[in-house]
Amino acid sequence: MDGFSSDFSPSASAGGSSKLDTGAIMEQVKVQIAVANAQELLQRMTDKCFRKCIGKPGGSLDNSEQKCVAMCMDRYMDAWNTVSRAYNSRLQRERAKM
């Protein structure tokens with residue numbers, strides 16, 4: 001048990017080198033959130049465009065299905081970007097008020 005107590009003792013964590021770098025952790029969390037958001041966007045876009053454009057799933061897409069999926073994804077991304085810009089702009093205005 002002595003091995004465990006020395007690893008977690010207050011004196012072991014009091015040194016500057018063993019302290020957690022909160023800035024690096026925050027950046028890591030931000031990156032993970034951004035990746036999760038991108039994955040969710042891709043999943044939602046895929047689901048919606050598949051339901052809208054693919055009538056009978058098969059081994060390949062015909063030309064009209066390919067065009068529909070491409071246009072659907074473009075519109076979805078345009079809408080996402082518009083909403084994201086509006087949201088970020090609102091956040092900046094709210095932060096400026098503080």
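For the numbers below, each heavy atom of this structure counts, side chains included, while hydrogens, waters and symmetry mates do not. Note that the structure is predicted; figures quoted are calculated from it, not measured.
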With Val69 as partner, the option from Met71, Gln66, Met73 fulfilling side-chain contact (heavy atoms from CB on, under 4.5 Å) is Met73
Residues pairing under salt bridge (charged side-chain N to carboxylate O under 4.0 Å, His left out) where one sits in residues 84-98, two or more places apart or in two chains, turn out to be Glu94-Lys97
Please set out all donor-acceptor pairs under 3.5 angstrom arising from side-chain atoms of residues 47-63, sequence neighbours excluded.
unit_1, atom_1, unit_2, atom_2, d
Asp47, OD1, Gln43, NE2, 3.0
Asp47, OD2, Gln43, NE2, 3.3
Asp62, OD1, Ser64, N, 3.2
Asp62, OD1, Ser64, OG, 2.8
Asp62, OD1, Glu65, N, 2.8

When rounded to the nearest 0.5 Å, the distance separating CD of Glu27 from OG1 of Thr22 is 11.0 Å
ask   = Is there a side-chain contact between Arg44 and Tyr76 (heavy atoms, below 4.5 Å)?
value = yes
Separation between CD1 (Ile33) and CD (Gln28), nearest 0.5 Å, reads 11.5 Å
